[in-house]
Amino acid sequence: MDVYLFSAISGLILLIVPIMFLMWGLAANRIGRLPFRSTREKLRKSAGRSLVFVWLALLTGLSFAGLAAVTLVRFGWVFVQEWAVFILPAVLLTHLAVIFFTVPALWRRSRDRQDPTGAVGGEERGAVAAPRVAVPVQAAFVAAGLSTCQISFFPVLTRFPVRLILFWASFLGLGAWLWFRQRRRERLLRREAKSPSPGFRLMRLVAVTAGVAVAGGGLFVLSMQASKLPDRLSMMNHAKVDYGGGPAVGHGDIEDSRQDHDRSGKEAVSVTELTGPRTGEPDRRYTLVARKETVRLSSGKTIEAWTFNGQVPGPELRAREGELVEVTLINEDIEDGVTIHWHGVDVPNREDGAAGLTQNAVRPGERYTYRFRVEETGTHWYHSHQTSSIQVRKGLYGPLVLLPEVEQEKEQEQALDLSLIYQSFEDRAVLNDSDTLRRRRIAPGTEVRLRLTNADNFPRSFTLAGTPFRVAAIDGNEIHRPGDLENVLLSVAAGGRYDVTFTMPEQPVKLTAGTGPDDPSILFTPGGKGEAPEAPDRLALFDPAAYGKPQRIPFDPSEGFDREFTMVFDGGMGFYNGVFRDLWLINGEKFPDTPTFLVQEGDLVKTTFINRSSMDHPMHLHGHHMLVLSRNGKPVTGSPWWTDTLNVAPGETYEVAFRADNPGIWMDHCHNLDHAAAGMTLHLSYEGVTTPFHVGEATGNHPE
Ligand code: C2O
Ligand code: CU
């Protein structure tokens, strides 16, 4: 509920502030024309109408303040701090001035009953043009204008003192200028001096407009240029380093990553040395060939896909705990190059598949081998991490299932274990390669495990009708003592996974990737026939924070953390790499100006996510599992909730913890891959780890 409330409020604010700007503009314009009314009657009527505009403008300001108050009470200070220090004081000040000075003057004028046909004298013209009448409204217009810029382009508290000074300096400067201008006007009118000729006024208007346009255009071009990313950028070359309150540690040398000691004197290590086992006969050997292919969906629709081995999703890779896996990637014809990232698996850093960070993108005609030992179980997936916002959407992904070492009894004939990956192609919802209803025959009594994976950029709902079921695992991590569920909606984060288990009953069971009748679905039936079960019309949202039973966790959060990081997410408009677009910011910045989090091996790390924007941000940390500690200040009450891709919805705050036990340099980004491509990414870097790889136009590496 709060998620919707927050989205609604932030959407309304984005609407109301510009409306406030518009309303004050209209009011100021009307008041500016008052002195030129020919008769007292006209002046009286016009003052009354101006007053209506002033009231409406005041009303928008009041609604803004009201929304800010609700946000403060429901979501907390951090969600309103910018409004509170930038916008509210300026709005309050100008609105009060309007109420105390402008409103009474207009009111008196609008009730003026003497000699309606009489002409308006210089004294009166001067009186309505007095600065104390007109300037509060003009200042409110300026305040609303600056506020509009503020919420649209600079929504965050970065470079705080500078920006606060700039804001107030522009506000006060413009205010003073308006005052002097208005005073001059008033004097001219009182002396009944001629106002400048229309020709002169037109010329002045043109000159001012041209000046503003030139200045604005210059600023536009300059900020566009300034936002261009360097052609070649090392992941070691970070604008900002955040030690999370822990000791400052080096991360290798910035310029020369071949240097073998970092500042702390610790032996520096390159990511190229942080490999899986380089020798030894693999237990599983897979080859994945990246190539373009026309793929036919179950509806008959075809998509021009980029595939692994000609299929979407790519082939399912399975391995058991303890096994050595070797995957050879061959790029046949993907011009941009390809990599493979093992999403959710804590592989050694060199095997992580992040282009420009742990390897170079694999060019057409090239091959690359990944080797890692399986040290965990669960449902994961793999996908290209080169221009991933394009390549994952095109189909370069597939399921990766890691099974426990020991053969379990259930894994015999009487079991069905099915990977189902959701993606949308050209706005078509697709489950594996099906965009329609499919039937599947299974015998009653069969133990079913559906491995639901969401490869899309947005959270995806799944529903299961016809049987009670359990969520056995989240992001590949088993839930401790999961309870039976029925009539719930499962919302899987972008990049996230839910394992759903049930025992096949005598009647049909239907899984839908969505809630609508046209969403792709599978109908499991005992005899291949039968109709879909009634889907209940009211579904409660499944809550992973209160599901299953508590269990011991491998560390004690009450004993404190070695490092604590905070990521505040905001939306805005601006330039990124020379393009004016919507922006998604971490702590007010986009990559490469986002902070790098530096840790030492062994650190217990806490991260706080705060989403002040109006969109979901599924936060994915490579190489580590995060334990959710709390959501919106309330601790998790059910089974330990481990995740690698956590959806942080608008208005939500999460605290998570992880142990820094996998040295390397790791991406930590939003798995709405379009957001990541717009700079919503940063790195978790271990002390003393360096990388020889670079990103940027000149290098051909574009992880996002
Ligand atoms: Cu599945 Cu860095 O991504
Ligand atoms: Cu995002």
Side-chain angles (χ1 to χ4, degrees), residues 2-3 5-7 9-11 13-14 67-68 71-88 150-164 167 238-245 493 561 563-574 576 582-598 605-621 626 628-634 645-658 667-672 675-676 678-684:
D2 274 6
V3 170
L5 180 66
F6 186 80
S7 299
I9 288 182
S10 51
I13 291 270
L14 277 174
L67 287 172
T71 313
L72 176 66
V73 171
R74 293 294 292 269
F75 299 95
W77 169 249
V78 72
F79 289 89
V80 295
Q81 54 188 4
E82 276 75 19
W83 305 343
V85 299
F86 287 103
I87 304 179
L88 268 178
Q150 182 64 34
I151 56 162
S152 321
F153 305 123
F154 312 101
V156 282
L157 267 186
T158 48
R159 306 191 191 112
F160 178 61
V162 179
R163 283 190 23 232
L164 193 63
F167 182 91
H238 290 110
K240 272 195 224 121
V241 169
D242 186 346
Y243 297 106
F561 299 88
R563 294 174 197 270
E564 298 186 15
F565 300 105
T566 303
M567 288 196 227
V568 179
F569 310 132
D570 280 291
M573 298 292 290
Y576 187 61
D582 53 332
L583 297 177
W584 305 99
L585 308 165
I586 304 176
N587 298 349
E589 302 287 0
K590 46 215 181 295
F591 183 80
D593 299 321
T594 45
T596 292
F597 294 161
L598 259 161
V605 182
K606 183 171 115 174
T607 305
T608 306
F609 301 115
I610 302 169
N611 186 356
R612 307 193 305 185
S613 80
S614 53
M615 274 192 101
D616 290 285
H617 299 298
M619 294 310 293
H620 173 47
L621 172 62
M626 306 179 277
V628 179
L629 303 174
S630 72
R631 181 180 59 206
N632 303 333
K634 293 186 205 76
T645 318
L646 179 65
N647 192 65
V648 186
E652 281 189 334
T653 299
Y654 277 95
E655 291 175 306
V656 303
F658 64 90
M667 299 186 67
D668 190 353
H669 62 91
C670 179
H671 220 283
N672 181 325
H675 293 183
M680 199 174 183
T681 177
L682 55 73
H683 297 103
L684 173 77

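All values below were derived from every heavy atom in this structure, side-chain atoms included, with hydrogens, water molecules and symmetry-related copies excluded.
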Checking Leu585 against Asn587 for the side-chain contact (heavy atoms from CB on, under 4.5 Å) test, could you report, in this order, the C-alpha distance in whole Å, the side-chain angles of both residues, the deciding distance, and whether it holds?
CA-CA 6 Å; Leu585 308 165; Asn587 298 349; over 6 Å; no
Let me confirm one number: the CH2-CD distance from Trp83 to Gln150, rounded to the nearest 0.5 Å.
11.5 Å
Please confirm whether Phe597 and Tyr243 have ring centers closer than 6.0 angstrom.
no
pair His669-Met680: side-chain heavy atoms closer than 4.5 Å:
no
Do Ile87 and Ile151 touch side chain to side chain, with heavy atoms closer than 4.5 Å?
yes
Report yes if some heavy atom in the side chain of Phe609 is under 4.5 Å from a heavy atom in the side chain of Thr566; otherwise report no.
no
NE2/His620 to CE/Met626 distance, rounded to the nearest 0.5 angstrom?
8.0 Å
Check whether any side-chain heavy atom of Thr607 lies under 4.5 Å from a side-chain heavy atom of Glu655, and answer yes or no.
no
Is there side-chain contact between Trp77 and Leu72, with at least one heavy-atom pair below 4.5 Å?
yes
Reported CG-to-OG distance for the pair Asp582 and Ser613, which is rounded to 0.5 angstrom:
10.5 Å
Working for side-chain contact (heavy atoms from CB on, under 4.5 Å), residues Leu682 and Met567
CA-CA 10 Å; Leu682 55 73; Met567 288 196 227; 4.1 Å; yes
Between Glu589 and Lys240, does at least one N-O distance fall below 4.0 Å, as a salt bridge requires?
yes
4.5 Å side-chain heavy-atom contact, Leu646 and Pro618
no
Taking atom CZ of Arg612 and atom CG of Asp570, what is their separation to the nearest 0.5 Å?
4.0 Å
Side chain of Asn611, backbone of Met615: donor and acceptor closer than 3.5 Å?
yes
Between OG1 on residue Thr71 and CD1 on residue Ile9, distance to nearest 0.5 Å:
4.0 Å
Atom of Trp584, atom of His617 and distance for their closest heavy-atom approach:
CE3-CE1, 3.5 Å
Are the ring centres of Phe86 and Phe167 closer than 6.0 Å?
yes
Going through the checks in order, is the side-chain contact (heavy atoms from CB on, under 4.5 Å) test met by Val656 and Phe565?
CA-CA 10 Å; Val656 303; Phe565 300 105; over 6 Å; no
Quick check for you: to the nearest 0.5 Å, what is the distance between Asp616 atom CG and Cys670 atom SG?
9.0 Å
Checking Thr594 side chain against Thr681 main chain: does a donor-acceptor pair fall under 3.5 Å?
yes
Distance-only, no hydrogens or angles: does the Asn632 side chain make a donor-acceptor pair with backbone N or O of Thr653 under 3.5 Å?
yes
Work out which heavy atom in Asn647 is nearest to a heavy atom in Tyr654; give both atom names and the distance.
O-CE1, 3.5 Å
For Leu583 and Met573, what are the C-alpha separation, side-chain angles and deciding distance, and is it a side-chain contact (heavy atoms from CB on, under 4.5 Å)?
CA-CA 5 Å; Leu583 297 177; Met573 298 292 290; 6.0 Å; no
